[in-house]
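None of these values were measured; they are calculated from a predicted model. Reminder, nothing fancy here: chain letters follow the sequence lines and each chain counts from 1.
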There are 2 protein chains.
Amino acid sequence: MQTATLAVARNLAHTHAIALVHSVSRPQPVSSFLPECEIYAQGERSGALYQIEFGAVRIYRLLSDGRRQVVAFHFAGETFGFEADRTRSFFAEAMVHTGVRTIDRPANGQATPELMALALRGLIRAQEHLLVVGRQRAMERIAAFFLDMMDRQDDRGQIELPMTRLDIGDYLGMTIETVSRTFARFREEGIIRLPSTRIVEILKPERLRFLCQ
Amino acid sequence: MQTATLAVARNLAHTHAIALVHSVSRPQPVSSFLPECEIYAQGERSGALYQIEFGAVRIYRLLSDGRRQVVAFHFAGETFGFEADRTRSFFAEAMVHTGVRTIDRPANGQATPELMALALRGLIRAQEHLLVVGRQRAMERIAAFFLDMMDRQDDRGQIELPMTRLDIGDYLGMTIETVSRTFARFREEGIIRLPSTRIVEILKPERLRFLCQ
DNA sequence: CGGTCCTTTGAATTTCCTCAAACAAAGTGG
DNA sequence: CCACTTTGTTTGAGGAAATTCAAAGGACCG
């Protein structure tokens with residue numbers, strides 16, 4: 001059932017993408033992806049970069065036994081699709097309805113300042129992530145996650161989560177149950193409010209910052 | 001007591017470094033560092049790159065409560081000291097008697113192919129490390145560690161560990177006790193032999209590879 | 001309204017950590 | 001050269017944190 005749904009969604013997204021190709025003043029048209037649709041896959045040849053116009057994307061890789069490591073979430077305004085290798089090591093999927101603009105790579109030369117900046121941002125992100133996942137406990141990981149989300153989409157102390165608990169767990173190296181229990185604990189301690197499962201209101205950001213060191 | 005010892009070692013290394021500055025045909029002289037000596041520190045202004053002539057180096061960062069995340073080990077022939085930021089986010093320390101050659105950064109332009117290559121290698125390393133630390137259990141982490149060491153210093157199935165169990169633990173996100181117990185378990189299962197604490201003989205590499213997926 | 005998917009909560013279990021002690025190796029000073 | 005210290009490693013016992021398994025609740029969709 002799920003695969004069928006996914007296949008349909010993928011097809012729809014494809015037509016949708018084509019339908020949305022219209023001429024604008026900007027260099028590249030916007031492609032649109034429905035929720036859960038793949039933008040590129042592990043094993044494909046690395047190609048274009050993508051800039052998000054609206055929506056949100058997850059970047060992940062799979063282990064052979066099905067375990068998944070989400071390495072990044074990306075939101076409107078951010079660029080993704082930069083990979084160190086010639087073939088893609090990761091999957092990129094839209095988490096919600098998402099529009100992306102393709103950015104052509106500078107044809108021949110590889111070391112443009114833009115690409116370098118992307119590599120550096122990726123490096124910093126990965127090293128930060130490594131610290132969180134490697135040396136912190138559940139509460140600290142979730143706190144770091146909330147603070148990161150706040151930084152990147154601040155709607156006055158309110159964050160919207162386009163991803164599922166499973167995504168968060170696979171991003172932070174823990175199970176959905178632990179994610180859920182940690183959310184509950186923050187709620188019980190009055191640090192957050194959960195108006196709905198996908199919206200988090202940060203009541204005491206200083207407590208989160210304290211937890212992260 | 002320990003600080004005193006360290007201070008002496010640091011001073012010795014310093015004089016040693018100066019003593020070893022001799023003219024060779026290569027562009028830069030070799031500086032020498034005694035075991036446990038700092039090569040650069042978190043907070044310093046990012047500067048030169050270093051190429052290891054002999055020895056081994058650990059790269060790490062500290063949390064305010066003393067927890068430590070080792071992000072990389074480097075061996076002879078490898079280059080380290082590349083950082084994404086203008087100030088160093090990490091410490092670099094010699095783990096054994098180590099000789100490094102300073103590499104001057106290309107003066108003005110930032111995006112040389114060499115620097116790009118370093119950034120990419122760092123990115124791949126960090127992403128690989130993230131997967132190990134984020135989604136694997138103790139046995140798998142140690143297995144991945146052994147395989148990585150094998151790849152990088154293959155003396156026919158024998159690896160020499162210049163780092164302590166604490167270093168390994170802080171690299172893999174576990175305690176020294178768990179590291180030690182995992183080593184013991186591999187030994188009991190006939191996968192490795194431990195001629196000494198710092199030498200590991202890999203008897204069944206295929207078992208390690210199986211564990212890593 | 002019924003079904004699916006996601007989330008939450010509880011109970012049992014596993015894994016890893018903490019604390020403690022013994023052991024081993026290397027260096028120091030008498 | 002040998003006691004003695006220091007540092008690093010191993011091993012055991014108990015405990016804490018997170019996972020697994022199970023079930024119930026909630027939101028969304030046709």
Side-chain angles (χ1 to χ4, degrees), chain A residues 1-6 8-9 12 34-36 58 65-68 95-97 132-143 160-188 192-200 211, chain B residues 1-9 12 34-36 58 65-68 95-97 132-142 161-170 172-188 192-200 211:
Chain A
M1 236 333 118
Q2 201 206 338
T3 35
T5 316
L6 264 177
V8 171
L12 281 176
L34 288 182
E36 314 306 321
R58 70 181 148 242
D65 62 355
R67 279 179 291 182
R68 190 179 68 147
M95 295 189 288
V96 294
H97 181 210
V132 171
V133 164
R135 301 269 69 175
Q136 308 202 139
R137 17 192 102 271
M139 298 269 287
E140 299 167 317
R141 292 185 202 190
I142 297 288
E160 235 193 283
L161 303 177
M163 69 289 282
T164 67
R165 299 292 190 261
L166 186 61
D167 289 325
I168 299 172
D170 286 345
Y171 179 66
L172 296 175
M174 50 208 265
T175 61
I176 43 174
E177 293 96 332
T178 304
V179 172
S180 180
R181 279 186 255 265
T182 307
F183 275 42
R185 187 137 171 233
F186 278 130
R187 177 167 42 68
E188 288 156 16
I192 63 170
R193 226 169 59 83
L194 290 166
S196 81
T197 55
R198 297 298 186 93
I199 294 178
V200 183
L211 268 175
Chain B
M1 238 330 119
Q2 201 209 336
T3 35
T5 316
L6 265 178
V8 170
L12 280 176
L34 287 181
E36 313 306 320
R58 70 180 148 241
D65 62 357
R67 277 178 292 182
R68 191 178 68 147
M95 295 191 288
V96 294
H97 181 211
V132 170
V133 163
R135 300 269 71 175
Q136 308 202 139
R137 15 193 106 270
M139 296 271 287
E140 299 168 317
R141 293 185 200 191
I142 297 289
L161 304 177
M163 69 291 280
T164 67
R165 300 292 191 261
L166 186 61
D167 289 325
I168 298 172
D170 287 345
L172 296 176
M174 50 208 268
T175 61
I176 44 173
E177 293 96 331
T178 304
V179 172
S180 181
R181 277 185 255 265
T182 308
F183 275 42
R185 189 137 170 233
F186 278 131
R187 178 168 39 72
E188 288 157 17
I192 62 169
R193 227 168 56 84
L194 291 165
S196 82
T197 54
R198 298 297 187 92
I199 294 177
V200 184
L211 268 174

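The CD1 atom of A:I168 sits 12 Å away from the C1' atom of C:dC6 (whole-angstrom rounding). In this structure, CD of A:E36 is placed 18 Å from P of C:dT4, rounded to the nearest angstrom. Taking atom CG of B:L161 as the reference point, atom P of D:dG8 lies 15 Å away to the nearest angstrom. Rounded to whole Å, atom C1' of C:dT15 lies 12 Å from atom CD of B:E140. With rounding to whole Å, B:F183 atom CZ is found 13 Å from D:dG8 atom C1'. Rounded to whole Å, atom C1' of D:dA17 lies 14 Å from atom CD1 of A:I142. Rounded to a whole Å, the CZ atom of A:R165 is 11 Å from the P atom of C:dT9. Atom P of nucleotide C:dA24 and atom CG of B:L194 are separated by 15 Å, given to the nearest angstrom.
With sequence neighbours left out, B:R135 forms a side chain to side chain contact (heavy atoms under 4.5 Å, CB included) with A:Q69, A:D170. For A:S180, there are no side chain to side chain contact (heavy atoms under 4.5 Å, CB included) partners, not counting sequence neighbours. Contacts of A:R58 classified as salt bridge (charged side-chain N to carboxylate O under 4.0 Å, His left out), with partners at least two apart in sequence or in another chain: A:E36, A:E93, A:D167.
Of the inter-residue distances, the one linking B:M174 atom CE with B:T182 atom OG1 reads 4.0 Å to the nearest 0.5 angstrom. A:R137 contributes atom CZ, which lies 9.0 Å from atom CZ of A:R141 (distance to the nearest 0.5 angstrom).
Using a 4.5 Å heavy-atom cutoff, the side chains of A:L161 and A:I199 are not in contact. At least one side-chain heavy atom of B:R165 sits less than 4.5 Å from a side-chain heavy atom of B:F183. Two residues are said to be in side-chain contact when any heavy atoms from C-beta on lie closer than 4.5 Å; A:Q136 and A:L211 fail this criterion. Two residues are said to be in side-chain contact when any heavy atoms from C-beta on lie closer than 4.5 Å; A:V179 and A:I142 meet this criterion.
The local environment of CZ in A:R198 is crowded, with over 12 non-hydrogen atoms from other residues, nucleotides or ligands closer than 6.0 Å.
Comparing the axis of the opening five pairs of the helix from C:dC1-D:dG30 to C:dG30-D:dC1 with that of the closing five pairs yields an angle of 30°, rounded to 10°.
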Between the protein and nucleotides 16-22 of chain C, which nitrogen or oxygen pairs are less than 3.5 angstrom apart?
residue, atom, partner, partner atom, Å
C:dC16, OP1, B:A138, N, 2.8
C:dC17, OP2, B:T175, N, 3.4
C:dC17, OP2, B:T175, OG1, 3.3
C:dC17, OP2, B:T178, OG1, 2.5
C:dT18, O4, B:R181, NH2, 2.9
C:dC19, N4, B:E177, OE2, 3.0

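Under a 4.0 Å N-O distance rule, the pair A:R67/B:E140 qualifies as a salt bridge.
For C:dA24, the OP1/OP2 oxygens have no side-chain nitrogen or oxygen of B:R198 closer than 4.0 Å.
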In B/S/- notation (B base, S sugar-phosphate only, - none; protein heavy atoms under 4.0 Å), nucleotides 24-30 of chain D written 5' to 3' is -------
